[in-house]
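Please read the structure below before turning to the comments.
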Amino acid sequence: MGLAKTEIFSDVQNEIALFAKVFGHPARVAILQHLFKINSCVCGDLVNEIGLAQPTISQHLKELKYLGLIKGNVEGTSVCYCIDTENWTKMKNIMNQFLDQDISKTDCC
């Protein structure tokens, strides 16, 4: 399999692709929705809420944290996660600029 050659694309293009990837799995979407719904940190009930095994949930949390959309704090023997509102807002701005490119365009076909 070939390399993605991400170095030939701009930082913004790579960032948009990473954001799109994170929304490409329904488990990550469900985790984000749950964190927004409870509007606080969650410390372990994601397995029961989402219905996936703990290692699977942990892998999805790792991806979300890598992109900075969530943050985690250690509390005792568990890690509590919540939305990183600053990075979430940054992601929304980047994605909105990308998705709004068509607003001022006229139909070409």
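Here the closest non-hydrogen pair linking Asp84 and Gly68 is CB-O, 3.3 Å. Of all heavy-atom pairs between Phe23 and Val29, the closest is O-CG2, 3.7 Å. Among all heavy-atom pairs drawn from Cys82 and Ser40, the shortest one is CB-O, 4.1 Å. Here the shortest heavy-atom pairing between Leu64 and Ile31 reads CD1-CG2, 3.7 Å.
Side-chain contact between Met95 and Lys92: absent, with no pair of heavy atoms (C-beta onward) separated by less than 4.5 Å. At least one side-chain heavy atom of Leu35 sits less than 4.5 Å from a side-chain heavy atom of Val42.
Once rounded to the nearest 0.5 Å, the distance linking OH of Tyr66 with CG of Leu18 reads 6.5 Å. Rounded to the nearest 0.5 Å, atoms NZ (Lys90) and CZ (Phe19) are 6.0 Å apart. Distance check, rounded to the nearest 0.5 Å: CG of Leu32 to CD1 of Ile83 gives 5.0 Å. Atom CD of residue Glu49 and atom CD1 of residue Ile57 lie 9.5 Å apart, to the nearest 0.5 angstrom. Note that CG of Asn93 and CD of Gln97 are 6.5 Å apart. Values are rounded to the nearest 0.5 Å. Summarising the geometry, atom CE belonging to Met91 is positioned 8.5 Å from atom CG belonging to Asn96; distances are rounded to the nearest 0.5 Å.
With respect to Ile94, the side chain to side chain contact (heavy atoms under 4.5 Å, CB included) criterion is satisfied by exactly one of Ile16, Thr89, Leu99: Ile16.
With hydrogens and angles disregarded, no donor-acceptor distance shorter than 3.5 Å links the side chain of Arg28 to the backbone of His60. Under a 3.5 Å cut-off, the side chain of Asn14 and the backbone N or O of Ser10 do form a donor-acceptor pair.
Hydrophobic cluster membership is shared by Ile70 and Val47, with clusters built from Ile, Leu, Val, Met, Phe, Trp and Tyr side chains linked at under 4.5 angstrom. Trp88 is connected to Val12 through a chain of hydrophobic side-chain contacts under 4.5 Å among Ile, Leu, Val, Met, Phe, Trp and Tyr, so both are in one cluster.
At most 12 heavy atoms of other shown residues, nucleotides or ligands fall within 6.0 angstrom of atom CZ in Phe98. The number of heavy atoms from other shown groups lying within 6.0 Å of CG (Asp11) does not exceed 12.
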Using the side-chain contact (heavy atoms from CB on, under 4.5 Å) rule, take His25 and Glu63 through it: C-alpha gap first, then chi angles, then the decisive distance, then the call. CA-CA 11 Å; His25 197 290; Glu63 289 286 325; over 6 Å; no

Determine, step by step, whether Asn87 and Leu67 satisfy the side-chain contact (heavy atoms from CB on, under 4.5 Å) criterion, reporting the C-alpha distance in whole Å, the side-chain angles of both residues, the deciding distance to 0.1 Å, and the verdict. CA-CA 9 Å; Asn87 286 337; Leu67 285 177; over 6 Å; no

Is there a salt bridge (charged side-chain N to carboxylate O under 4.0 Å, His left out) between Lys71 and Glu86 once you walk through the steps? CA-CA 11 Å; Lys71 54 187 174 182; Glu86 183 178 330; over 6 Å; no

